[in-house]
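The following block contains the structure, expressed as structure tokens.
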Amino acid sequence: MRFVIEGRLRTSCGLTPAEYFDLAVREWEMVLGWVSSGVALAYGRPVSVPGGTLLVEVSSEADARALAASLPLAPYAE
């Protein structure tokens with residue numbers, strides 16, 4: 001099943017620009033691994049706001065939610 005995961009960084013997340021950049025790089029590396037393995041089919045970031053959109057192919061909504069929760073920026077996103 002395919003699921004779209006959208007996350008936007010909360011305005012009051014409390015991250016410094018350096019912390020955000022570090023987590024964003026780690027997240028990008030993680031997602032590239034998912035793309036390589038076929039779990040993620042597409043990934044993009046909006047131009048105007050910090051966040052991302054991810055299209056995944058997994059067996060259930062629970063699996064999609066688990067992937068979303070494992071992203072480094074997930075604790076700071078809506």
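Given the structure is predicted, the values throughout are model-derived calculations rather than measurements. Numbers for residues simply follow the sequence, beginning at 1.
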Open item on the list: Using the rule given for side chain to side chain contact (heavy atoms under 4.5 Å, CB included), can you reason through L55 versus F3, listing the C-alpha separation, both sets of side-chain angles and the distance that settles it, and then say yes or no?
Closed with: CA-CA 6 Å; L55 176 64; F3 294 90; over 6 Å; no

- Task: Would you check, one step at a time, whether the test side chain to side chain contact (heavy atoms under 4.5 Å, CB included) holds for V31 with L71?
- Result: CA-CA 8 Å; V31 170; L71 291 166; 3.9 Å; yes

Q | Any side-chain heavy-atom pair of V4 and V56 under 4.5 Å | A |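 SC-SC contact between V4 and V56 ruled out.
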
From Y76 OH over to L15 CG, what is the distance, rounded to the nearest 0.5 angstrom?
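Answer rounded to 0.5 Å: 5.0 Å.
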
Quick one: do V25 and L9 end up in the same hydrophobic cluster if we chain Ile, Leu, Val, Met, Phe, Trp and Tyr together by side-chain heavy atoms under 4.5 Å apart?
->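 Shared cluster, no.
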
Fill in: Reported CH2-to-CG distance for the pair W34 and L54, which is rounded to 0.5 angstrom
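Those atoms lie 6.0 Å apart.
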
**Study point:** Interatomic spacing from CD in E61 to CG in D63 - rounded to 0.5 Å
**Key:**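 So the CD of E61 and the CG of D63 are separated by 10.5 Å.
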
Check against side chain to side chain contact (heavy atoms under 4.5 Å, CB included), S60 and R65: CA-CA 9 Å; S60 69; R65 288 183 181 276; over 6 Å; no

Check ion pair R2-E57 (N to O, under 4.0 angstrom):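 Looking at E57 together with R2, the answer is yes, because their closest N to O distance falls below 4.0 Å.
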
*asked:* For E27 and Y43, which I'm curious about, is there any donor-acceptor pair between the side chains at under 3.5 Å?
replied: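 There is such a pair (donor and acceptor under 3.5 Å, judged by atom type) between the side chains of E27 and Y43.
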
Q) Is the backbone N or O of G52 less than 3.5 Å from a side-chain atom of R8, with the two atoms forming a donor-acceptor pair by type? A)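 Yes; at least one donor-acceptor contact below 3.5 Å.
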
Checklist entry - Are any non-hydrogen side-chain atoms of L67 and V39 less than 4.5 angstrom apart? => result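 They are in contact (side-chain heavy atoms under 4.5 Å apart), so the answer is yes.
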
* Would you mind reporting whether F21 and E19 have side-chain heavy atoms less than 4.5 Å apart? =>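 No. Closest side-chain heavy atoms not under 4.5 Å.
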
message = Measuring only between side-chain heavy atoms, which start at C-beta, is M30 closer than 4.5 Å to P72?
response =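 Of all side-chain heavy-atom pairs linking P72 with M30, at least one is under 4.5 Å.
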
I want to check something: taking the side chain as every heavy atom from C-beta on, are R26 and L23 in contact at a cut-off of under 4.5 Å?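 R26 reaches L23 side chain to side chain.
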
Item checked: Side-chain (R10) to main-chain (P75) donor-acceptor, under 3.5 angstrom ->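 Yes; judged by distance alone, with no hydrogens or angles, the pair exists.
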
What's the shortest heavy-atom distance between A68 and I5, and which atoms?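 Minimum heavy-atom separation between A68 and I5: CB-CG2, 3.7 Å.
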
